[in-house]
Asks: 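Here it is: the structure, laid out below.
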Amino acid sequence: MRANVASYDVVAPETLAEALTLLADEPGVWTPMAGGTDLMVLFEAGKLPTGRYLSIHGLPELRGITVDDDAVTIGALTTYSEIRDHAVINADLPMLAQAARETGALAIQNRGTLGGNIANASPAADSPPALVAYGAELTLVSAAGTRTVPYRGFHTGYKQMDLRPGELIHSIRVPRRPASEGWVHFYRKVGTRAYQAISKVCFAACARLSDGGVAEVRVGFGSVAPTVLIASALEAALTGARLDDAGLEAAVAAAARHEVAAIDDIRSTARYRTQVSENLAVAFLHALRAGG
Amino acid sequence: MGKYVGQSVPRKEGVDKVTGRSLYVDDIVLDGMIHGITVRSSVPRGKILGVRFDPGVPWDEFVIVTAKDIPGRNVVAMLIEDQPFLADDVIRHPDEPVLLLAHPDKHVLAEAREHVHIDVEPLPAVFAIEDALRADTVLFGDDNVFKRFDVSKGDVDAAFARDDVVIVEGTYETGAQEQMYIEPMGMIAVAAPGQGVTVWGSLQCPYYVHKALKPLFDLPAEQVRVVQTVTGGGFGGKEEYPSIIAGHAALLSWKAGGVPVKLIYDRAEDLAATTKRHPSRTRHRTAVTRDGELVAMDVDFALDGGAYATLSAVVLSRGTIHACGPYRCPNARVVARAVATNHPPHGAFRGFGAPQSIFGLERHMDKIARTLGIAPEELRRRNLLATGDTTATSQVIEEAIDLGAMLDDALSQAGWAEKKAAFAAHNADPANTVKKGMGLATFFHGSGFTGSGEVYLASVVGIEAGPGGRCTVLAASTEIGQGTNTIFSQIAADALRLPYELVEVAQPDTARVPDSGPTVASRTTMVVGRLVQDAAESLIHTLRDAGLLGADYSAEQFAAAVDAYRERFGTLRVYSKYKQPPGIVWDDKHYRGAAYAAYGWAAYIAEVEVDTLTYAARVTDFVAVQDIGTLINPLLAAGQVEGGVAQAIGWAVYEGVDWRDGHMANNQMTNYIIPTAADVPPIRVYFHSVPFKYGPSGAKGVGELPMDGPAPAILNAIEDAIGVSLNRAPALPEDIMEAMLAASSQSEAHHG
Amino acid sequence: MAEVAVGKVAVTFTVNGVERTVETYPMARLLDVLREDLRLTGTKEGCGEGECGACSAFVDGRLVNTCLVPAIQARGAKIETIEGLASGAELHAVQQAFIDAGGAQCGICTPGMVLATVALLREHPEPTEAEVREGLAGNLCRCTGYMKIFDSVETAARAIRARQDAATAGEGGAS
Ligand SMILES: Cc1cc2nc3c(=O)[nH]c(=O)nc-3n(C[C@H](O)[C@H](O)[C@H](O)COP(=O)(O)OP(=O)(O)OC[C@H]3O[C@@H](n4cnc5c(N)ncnc54)[C@H](O)[C@@H]3O)c2cc1C
Ligand code: FES
Ligand code: FES
């Protein structure tokens with residue numbers, strides 16, 4: 001333990017309204033804490049800023065998964081275990097279930113939340129690529145009210161996002177992508193080992209096929225840019241393409257290589273991340289051919 | 001075999017461990033105890049200019065210790081006395097202890113450490129083995145060489161000049177490896193002038209700590225007491241470094257006037273500051289006939305010893321002796337050197353130098369096989385040592401061994417022939433992006449200390465019989481998870497012909513137990529276990545000589561005899577002392593002769609998958625066949641092998657230390673990757689048990705052997721899978737990618 | 001030094017069925033509260049960063065890393081630690097299995113590993129190998145190579161089933 005526990009205040013309001021009031025009354029003073037699986041690691045290392053923390057962990061308003069015909073709405077405090085075990089998510093949004101199952105290991109999945117994964121804004125987080133590929137939307141809540149923003153574009157730079165002071169992530173709405181409607185899902189986390197692994201590259205792609213062509217496709221990468229990467233070049237190369245186009249492989253590889261902006265760090269090298277990104281993009285194409 | 005030896009009797013301390021009742025050092029609280037912390041340098045090499053304390057911290061609440069406060073000599077007594085407890089003047093590695101703080105509140109302490117600054121004038125540092133050997137910058141002596149050994153057999157140069165031999169060359173490297181015992185190191189000390197020094201802690205070798213504390217405080221032996229608490233893994237990592245932590249905790253307590261001080265490392269500090277497996281480089285030049293008979297081996301073996309000599313000479317010695325492996329070769333030359341760098345000192349880790357040199361050799365054997373177009377198993381089979389052959393140190397193997405039979409067994413358990421064929425077909429299909437391969441290694445590992453080491457150690461073990469005939473084994477050998485308590489109890493119970501429950505092993509405490517030597521070198525079962533057996537037998541003789549015990553006796557009769565003896569003479573305690581088995585002659589000067597009294601022998605086979613999209617290698621099956629003599633406890637023995645293999649899998653494909661200016665930059669569990677339950681293959685363990693005449697009931701050592709073979713077997717398998725040669729362990733995905741890209745650009749250049 | 005001077009607060013929860021109240025800092029790790037305030041030292045610290053699982057305990061029926069839980073978030077919770085697993089002198093089937101099958105070597109990972117096994121078997125009474133590996137992946141062991149731990153899980157699963165079968169048979173006989 002490298003931090004002084006006496007330098008951290010934590011309060012745990014009982015209701016969302018109370019929490020939002022506190023955030024509004026003392027702007028910039030309170031940092032939310034959900035499952036703590038990111039913040040407590042910083043605390044242990046002596047790298048968590050001292051100050052005041054607002055535990056939202058117990059707030060019932062931010063929990064739970066609701067399903068309607070078009071979408072699944074996931075409360076920000078929903079844990080990976082809840083996501084992993086949810087039948088509709090497994091059926092229609094399998095990449096989210098897989099991301100949850102491959103996040104940390106059981107005890108982390110029991111505590112870590114989807115909202116925390118987003119707001120922590122780590123480029124190496126594993127759910128964001130899937131949320132990008134699914135075209136998710138976020139509902140943000142503050143004392144001033146709520147607003148809804150597309151997840152694609154929420155992260156604006158390294159550890160920066162479109163989250164205003166006093167605002168919390170309320171929930172994440174993800175459109176359903178059933179296989180019966182032609183959706184193909186392709187998720188690959190490349191970690192340092194099978195579990196308890198931080199990603200070196202994470203790739204998530206979801207496409208709708210029709211008539212031997214790609215009608216619609218969204219792709220997200222993790223760990224290859226300062227934020228989760230929306231692979232627009234790759235999406236452009238694939239959208240409208242015919243799967244039997246012999247030149248597609250090269251186009252897909254070039255697009256992936258071109259748009260990742262990977263760096264060397266303690267977990268891997270830029271060269272590795274770039275090459276693996278390219279390989280996974282091509283593997284996705286092969287999967288589309290196999291599945292289409 | 002007796003009633004208990006050979007049986008998988010339950011672990012002595014099993015109940016305490018599964019209920020959480022076992023007390024590890026951090027679980028212990030003494031009255032009035034305060035906490036200690038270490039302030040370290042942050043540059044790899046330099047001159048200390050001064051220490052600054054930030055204002056605003058109530059420093060008078062702290063106990064502060066620097067080198068100036070040391071009552072005795074500021075040197076960690078080991079082989080060469082070069083390492084200080086606290087750096088005074090020069091810094092030789094980036095995690096060197098400079099100053100100690102203690103405070104009743106550990107949270108305040110952690111924060112205060114950030115407010116102490118050590119000003120250092122940097123000096124040029126050296127990190128690579130080759131740079132150290134070049135000695136442009138001199139860190140130690142005049143050539144940076146801590147220790148050099150030369151082995152010579154036959155006439156190597158003449159053999160290389162023969163015209164019927166093929167010469168195969170190769171260079172192989174291994175990286176540092178962290179022991180990663182799950183319990184970080186720690187100590188509690190009570191020390192004060194006039195009262196002496198007592199430490200309790202997580203450690204492997206109580207008498208090493210004892211030896212280090214005496215000069216530090218300038219105290220006689222009887223005023224220093226070292227007690228081992230339940231220890232959460234060691235693997236060699238808790239062999240030498242605990243002396244430093246014990247010294248630090250005791251210095252703080254001494255300065256605080258005898259207040260107990262607890263000094264526990266957090267994971268980050270344990271990873272950065274304590275010893276790791278020595279990085280190595282091995283160069284092989286081998287002369288071999290076209291049909292695969294080894295004619296001459298020329299080996300240049302080098303270890304990065306880090307900033308201080310510590311145990312590097314001993315690690316180097318074992319690496320040297322194992323460098324030519326279990327192969328018959330009439331001409332051999334090994335030049336081995338351990339060099340100084342500005343890394344934190346490297347130290348003991350399961351295998352002790354042998355895994356490094358065996359890695360080079362077993363990768364090289366595959367290269368020779370490929371060069372000659374002989375199957376790797378066949379090349380080995382043609383050269384395996386048999387009874388009567390001589391090793392590279394000219395030791396005649398007298399044990400009845402059949403390594404060829406072990407190899408055959410391993411091949412058949414692994415399904416080698418069938419799988420090799422199936423994998424070749426699978427790999428030929430470009431649609432299969434996951435490639436499969438198999439690799440093997442045959443090797444040996446000497447049990448006990450090298451050469452005359454055991455004679456110098458002159459280990460002693462005692463047994464005491466108490467009321468009701470309860471017997472206690474007195475030894476400084478520690479239980480670190482490997483089963484010492486259980487195995488000693490089994491051996492003693494059989495030798496005493498008493499129920500297992502009536503025998504226990506004393507907590508290692510230098511005030512109570514004799515020096516049975518360090519718990520290292522696969523010596524605890526074979527060497528110390530034998531002493532337990534001898535002591536037990538002489539205890540029986542003592543009772544018989546006193547006319548108190550007949551030829552046959554029940555536990556009750558034994559108890560009555562003990563009670564009668566104790567009534568008459570006070571205590572009943574006997575000791576046994578190490579005796580060298582006959583015929584063990586070792587010439588330390590020429591590094592020639594019987595290096596070890598006995599060897600463990602093994603043939604291991606790894607099966608891997610390499611994903612060519614992510615370049616990750618995964619071990620999918622593992623077969624470990626070995627002869628470690630009689631099994632005292634089959635369950636524990638298998639557990640040792642499985643644990644060793646898993647650690648070696650980590651070393652082969654997961655565990656890389658990321659050095660930045662001599663400091664381990666990935667010093668967190670999240671960034672230094674050891675295998676989880678989902679990363680290990682089935683590890684299938686088979687024993688061929690040939691009893692060793694001088695071991696207790698025929699047992700030899702097992703602890704280290706399983707660390708030796710897996711890494712080369714795995715890298716051999718990777719090459720089998722992808723057709724690309726990797727000559728450095730670990731082979732991380734990034735390394736495999738670079739090797740594959742280099743190979744494909746080379747072959748494109750060829751075709752183009 | 002401290003910019004925010006924080007006082008201790010009272011936190012009440014149940015531990016192994018007994019209601020306890022501690023005065024501690026809201027940010028204090030549940031791990032330290034258990035080990036230092038309640039002297040339940042069976043919960044171990046191997047890393048402090050959620051990686052090793054040595055600090056595992058159940059909070060409201062779910063296995064968590066107590067090094068990552070601030071005390072304030074344990075308010076009102078039901079906590080179960082290794083100390084509460086055995087009933088009196090009788091070991092839990094999982095504990096007995098770890099002794100019989102050699103699942104504990106140095107023992108430092110064992111309390112966490114035993115609790116992770118309990119969690120696993122609650123979820124999957126007859127786990128597949130893949131389920132065992134996944135279920136225990138958050139608990140690092142450096143001694144065993146995991147093989148004897150897998151054997152322990154299997155032994156425990158069998159013992160629990162046998163106990164349940166006996167119980168049902170017993171009930172059947174009684175009726
Ligand atoms: C051992 C270990 C393994 C891990 N493995 C993985 C992995 O494989 N993949 C992965 O992606 N992550 C991993 N993580 C990281 C972490 O578990 C996840 O990022 C998790 O989702 C964080 O959620 P939390 O609720 O615990 O966040 P917290 O630590 O509570 O918070 C994280 C950040 O989010 C903010 N925040 C939380 N909730 C909200 C909200 N509703 N509104 C606004 N801000 C909010 C907090 O202020 C903080 O800045 C791992 C962590 C550990 C310790
Ligand atoms: S101490 Fe909590 S996971 Fe390691
Ligand atoms: S038994 Fe030692 S870490 Fe698992």
Side-chain angles (χ1 to χ4, degrees), chain B residues 8 10-11 13-24 26-29 56-57 108 111-112 115 179-184 230-235 266-267 479-483 635-636 638-647 649 668-670 674-680 682-683 685, chain C residues 1-2 25 28 35-36 39-54 81-83 85-86 91-92 94-112 114 129-130 132-150:
Chain B
S8 295
R11 175 177 285 279
E13 69 293 353
V15 173
D16 286 345
K17 282 180 173 170
V18 302
T19 53
R21 285 203 288 265
S22 289
L23 292 180
Y24 298 76
D26 198 22
D27 303 336
I28 295 167
V29 175
V57 178
V108 170
E111 204 175 4
H115 295 277
Q179 291 87 359
M180 199 66 106
Y181 30 74
I182 304 296
E183 180 208 23
V230 179
T231 296
F235 317 113
D266 67 10
R267 181 58 62 181
E479 168 68 55
I480 50 175
Q482 83 289 42
L635 187 75
L636 294 183
Q640 282 296 299
V641 175
E642 290 155 5
V645 168
Q647 279 183 342
I649 289 172
Q668 285 174 289
M669 271 199 176
T670 179
I674 67 167
T676 71
D679 298 296
V680 291
I683 301 171
V685 178
Chain C
M1 284 184 287
Y25 293 104
R35 289 178 51 81
E36 293 169 10
R39 301 290 306 130
L40 293 169
T41 55
T43 308
K44 304 297 181 190
E45 174 165 5
C47 68
E49 45 166 322
E51 205 68 30
C52 73
T81 69
I82 190 70
E83 287 88 352
L85 195 59
L91 296 181
H92 186 279
V94 172
Q95 292 173 311
Q96 189 59 50
F98 269 72
I99 296 177
D100 295 342
Q105 288 191 19
C106 81
I108 194 78
C109 73
T110 308
V114 164
E129 187 189 317
V132 175
R133 288 170 176 272
E134 183 176 338
L136 302 183
N139 293 77
L140 299 177
C141 174
R142 190 59 154 172
C143 295
T144 60
Y146 303 105
M147 296 300 120
K148 299 274 177 277
I149 289 175
F150 297 162

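Naming: A, B, ... by sequence-line order, numbering from 1 per chain.
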Asks: Can any side-chain N or O of K17(B) pair as donor or acceptor with the backbone N or O of Q105(C) at less than 3.5 Å?
Replies: yes
Asks: Determine yes or no for a side-chain-to-main-chain donor-acceptor pair under 3.5 angstrom, with Q95(C) supplying the side chain and V18(B) the backbone.
Replies: yes
Asks: Using a cut-off of under 4.5 Å for heavy-atom pairs, which of D679(B), V641(B), V29(B), D266(B) has the most such pairs with chain C?
Replies: V29(B)
Asks: Please walk me through it: do M180(B) and F235(B) pass side-chain contact (heavy atoms from CB on, under 4.5 Å)?
Replies: CA-CA 9 Å; M180(B) 199 66 106; F235(B) 317 113; over 6 Å; no
Asks: Between R11(B) (side chain) and A104(C) (backbone), is there a donor-acceptor pair under 3.5 Å?
Replies: yes
Asks: Indicate whether the side chain of T81(C) and that of E83(C) have a donor and an acceptor atom separated by less than 3.5 Å.
Replies: yes
Asks: Under 4.5 Å heavy-atom distance to chain B, tell me which part of K148(C) shows up: side chain, backbone, both or neither.
Replies: both
Asks: Given a strict heavy-atom distance threshold of 4.5 Å, which part of E36(C) is in contact with chain B: side chain, backbone, both, or neither?
Replies: side chain
Asks: Please determine, among G20(B), G481(B), G643(B), A677(B), the option with the most heavy-atom pairs under 4.5 Å with chain C.
Replies: A677(B)
Asks: Can you tell which part of D26(B) gets under 4.5 Å to a heavy atom of chain C, answering side chain, backbone, both or neither?
Replies: both
Asks: Do you know which of G138(C), C106(C), G42(C) has the most heavy-atom pairs under 4.5 Å to chain B?
Replies: C106(C)
Asks: I want to check something: taking the side chain as every heavy atom from C-beta on, are V15(B) and R21(B) in contact at a cut-off of under 4.5 Å?
Replies: yes
Asks: Side chain from CB out, backbone as N, CA, C, O: work out which of these in V680(B) comes under 4.5 Å of a heavy atom of chain C, or both, or neither.
Replies: both
Asks: Pick one of side chain, backbone, both or neither for A130(C), based on which atoms fall under 4.5 Å of a heavy atom in chain B.
Replies: neither
Asks: Pick one of side chain, backbone, both or neither for T231(B), based on which atoms fall under 4.5 Å of a heavy atom in chain C.
Replies: backbone
Asks: Answer with side chain, backbone, both or neither: which region of T19(B) has an atom nearer than 4.5 Å to a non-hydrogen atom of chain C?
Replies: both
Asks: So what's closer than 4.5 Å to chain C heavy atoms on I480(B): side chain, backbone, both or neither?
Replies: backbone
Asks: For each of V132(C), T110(C), I99(C), tally heavy-atom pairs with chain B at distances under 4.5 Å, and name the one with the top tally.
Replies: I99(C)
Asks: Flag the one option from I649(B), I182(B), L23(B) with the top tally of heavy-atom pairs under 4.5 Å to chain C.
Replies: I182(B)
Asks: Under the side-chain hydrogen bond (donor to acceptor under 3.5 Å, both in side chains) rule, collect the residues that match up with R142(C), sequence neighbours excluded.
Replies: E655(B)
Asks: Which of the residues R39(C), H92(C), E129(C) is involved in the greatest number of heavy-atom pairs with chain B at under 4.5 angstrom?
Replies: R39(C)
Asks: With only heavy atoms counted, which part of E49(C) is less than 4.5 Å from chain B, the side chain, the backbone, both or neither?
Replies: side chain
Asks: Return yes if some donor-acceptor pair links the side-chain N/O of Y24(B) with the main-chain N/O of E183(B) below 3.5 Å, else return no.
Replies: no
Asks: Is it the case that the side chain of R267(B) and the backbone of Q668(B) share a donor-acceptor pair, with hydrogens and angles ignored and the cut-off at 3.5 Å?
Replies: no
Asks: Kindly compute the distance separating CD1 (I674(B)) from CG (L140(C)), expressed to the nearest 0.5 Å.
Replies: 4.5 Å
Asks: Who wins among E479(B), Q482(B), Q179(B) for the most heavy-atom pairs under 4.5 Å with chain C?
Replies: Q179(B)
Asks: When heavy-atom pairs shorter than 4.5 Å are enumerated against chain C, which of A646(B), S8(B), S22(B), G232(B) gives the highest number?
Replies: G232(B)
Asks: Report yes or no: does Y146(C) contribute a side-chain atom to a donor-acceptor pair with the main-chain N or O of P675(B) at less than 3.5 Å?
Replies: yes
Asks: Under a 4.5 Å heavy-atom cut-off, does chain B meet the side chain of L85(C), its backbone, both or neither?
Replies: neither
Asks: Among G639(B), P682(B), G234(B), G233(B), which has the most heavy-atom pairs under 4.5 Å with chain C?
Replies: G639(B)
Asks: Under 3.5 Å, is there a donor-acceptor pair between the side chain of E642(B) and the main chain of V685(B)?
Replies: no
